[in-house]
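Just so you know, ligand 1 is whichever comes first in the structure, and atom 1 is the first atom listed for that ligand.
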Amino acid sequence: MTIVENPSPTGRKVSTLSHAIPQCPQCQQPLPEDAKFCLECGASLRGDRGDRKEAERELARLKKRVGELEYQVRQATSELPQAVTTAPELELTLARLLRKIAMILQAEKCVFMLHDPERGELQACKPALGFSDDQLEMLRVPATRGISGEAFRESKPVIVNDAVTDPRTMEEHVALLSIRNCLTVPLTMERKDDEERMVDRVTIGVLHVFNKRFGGNFVNEDTMLLTVLARQAAAVIANAQILIKLTKEKQQLEATLQSLVAGVVVVEADGHISLINSAACQIFEIESGAGKPVAEVILDERLLKLIESTVRDRIEAELEVELKVAGMPRIYQAQTALVKGQGEEMRGVVAIFSDITEIRNVEKMKSAFVSTVSHELRTPLTAIKGFVRTLLDDDEGYFNNQMRGEFLSIIDNECDRLKRLIEDLLNVSRIEQGKALQMNWKQFEVGVVFERVVATQRTQTERHTLALDVAVNFPKVLADEDKLEQILHNLVQNAIKYSPRGGVIKVSTSFDAKSYTVAVTDSGVGIPKNMFTKIFERFERVDNRDTREVGGAGIGLYLVRHLVEQHEGHIWVESETGQGSTFTFKIPIQPKKALDEIAKLH
Ligand code: ADP
């Protein structure tokens with residue numbers, strides 16, 4: 001022991017006892033105070049002055065002591081698991097080790113402080129012995145300060161016999177954590193080569209034991225013991241940190257792969273599947289496929305060939321295939337990519353299966369839509385052009401005024417038809433862009449509107465009988481009159497269009513305290529069940545001879561549904577093919593949205 005004068009940054013007593021730990025001048029290992037030989041490298045510590053016999057006796061005594069210490073270390077570390085892969089496992093292992101350390105060194109408290117390179121701090125971490133969670137949270141120091149900083153920075157053990165007066169300790173910690181004395185050793189990881197030569201040494205933190213029991217002080221023997229134990233602990237912590245990080249990354253990667261909408265299959269170079277995500281399991285209709293030969297899981301010849309040729313020729317490729325999944329035809333785009341190892345050697349192939357059914361459907365619908373819309377635009381234009389030409393060519397006054405009037409009214413009607421179609425298209429595009437249609441709310445007698453629609457439609461057909469049944473005492477409703485008229489107009493027009501052989505078209509109504517219901521029934525071509533919801537989507541039409549003959553752009557019902565929903569209502573269809581259809585919509589008498597908008601205006 002030496003007495004040293006230390007300038008104290010805290011202004012505390014500066015003359016203090018400091019324990020300088022003897023180290024071997026050759027290998028820097030800590031030594032027992034009275035050692036004459038280094039046990040690590042065998043160097044003589046007293047030159048050649050010692051008598052040989054005495055030296056041999058001393059060596060034997062020390063070897064015996066080393067044997068005892070080694071036994072204690074083995075006891076403490078015997079239960080340490082080889083590989084810790086989870087954070088709770090690590091905490092459990094370290095807690096066990098800390099208890100043993102405290103027992104062997106007769107310490108009241110024991111704690112690890114790990115280095116956080118980002119903050120440049122040493123931070124106490126769980127598990128610890130004799131500290132509350134709050135105290136642990138508080139126990140953090142810059143890696144350059146205090147006893148912890150010294151042991152970490154210089155990678156050497158430090159003993160403090162009187163924590164209260166030692167200027168190196170941090171006053172606030174000493175008081176708060178009730179520390180009397182302490183022994184601190186670096187947590188150092190050593191990597192050795194095959195011949196047990198040290199190749200790398202990293203200090204990842206420090207290990208403290210505080211307050212020697214029974215009023216004692218920590219001695220050099222404790223230092224040696226704790227240095228060995230800390231080395232074991234550092235190895236466990238460092239390995240576990242790497243494994244935990246890797247395990248976490250692996251789990252995250254697996255979770256990401258599993259949650260992908262696209263199917264992913266990784267095939268090893270030997271043709272076995274090493275990974276398959278749940279989307280791929282669904283596509284290939286299997287429970288699990290990992291470990292199986294790819295040919296057992298992917299039965300489609302074209303896909304199998306794609307993967308096998310990628311493995312064989314080392315050339316990435318892609319393919320579009322139609323597969324039946326859960327009985328439904330789906331279109332998949334399959335792409336393969338090579339999985340390479342560090343040395344660019346091929347380790348396998350990853351195949352990704354993306355469901356592009358919707359994209360292809362929309363593409364098909366769009367091209368069908370372009371041709372139907374062109375047709376829809378051309379029909380009235382042809383009529384307009386024809387009648388205008390006829391009138392222009394009539395130099396000799398062949399057509400009388402009445403006939404001319406009829407021609408002009410046909411032209412007028414066709415122009416209206418064109419205008420309606422263009423307006424509908426513009427509305428679809430507005431809805432597609434997420435713009436709500438402007439609503440013009442007002443209170444009105446709905447029966448009058450229905451009568452107007454039916455009366456107009458009657459003039460358009462001679463083959464159909466249109467019947468309207470408006471319930472007695474039908475209440476006034478809060479709605480957008482033009483839009484409500486458009487809804488019924490579309491439904492009645494469709495009923496006429498899709499009843500080519502004529503028949504009765506019935507518009508019936510009913511109401512209760514909160515809402516009113518309107519149903520349009522025809523006895524026309526009907527709609528197959530699988531189209532009941534689809535026909536309300538844009539560009540969707542039932543594809544059969546009847547519908548092809550009457551023509552249409554497939555946007556009427558899409559707009560109708562949107563207009564009904566704007567009124568906070570809903571629409572549905574019931575139908576039997578060949579028997580007829582009933583379209584019904586139900587709307588609140590006073591939609592909340594309308595009341596809110598009106599309230600805002602006043
Ligand atoms: P469009 O009539 O212009 O094709 P709609 O959106 O109004 O477009 O209708 C979509 C499809 O629904 C129609 O193509 C037709 O196949 C079917 N449909 C609509 N109304 C009826 C009906 N009353 N009877 C039979 N099929 C109908």
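The residue L491 has no part lying near ligand 1, judged by heavy-atom distances below 4.0 Å. Contacts between V542 and ligand 1, counted as non-hydrogen atom pairs separated by less than 4.0 Å, involve both the backbone and the side chain.
Contact analysis puts E540 in contact with ligand 1, with a non-hydrogen atom separation below 4.0 angstrom. Every heavy atom of G524 sits 4.0 Å or more from the atoms of ligand 1. Residue contacts with ligand 1 include F583, since one or more of its heavy atoms lies under 4.0 Å from the ligand.
At a 3.5 angstrom cut-off on N or O pairs, I535 does not count as close to ligand 1. When only interatomic distances are considered, the shortest N/O to N/O separation between G554 and ligand 1 falls below 3.5 Å. Residue Y558 places no N or O, backbone or side chain, under 3.5 Å from any N or O of ligand 1. Looking at ligand 1, you won't find any N or O of V525 less than 3.5 Å from one of its N or O atoms.
E481 pairs in a side chain to side chain donor-acceptor pair (under 3.5 Å) with only one of the listed residues (K442, Q443, Q486), which is K442.
In this view, F387 and F407 satisfy the ring-ring contact (aromatic ring centres under 6.0 Å, His included) rule, not counting sequence neighbours. Remark: E358 engages R330, N361 in a side-chain contact (heavy atoms from CB on, under 4.5 Å) (not counting sequence neighbours).
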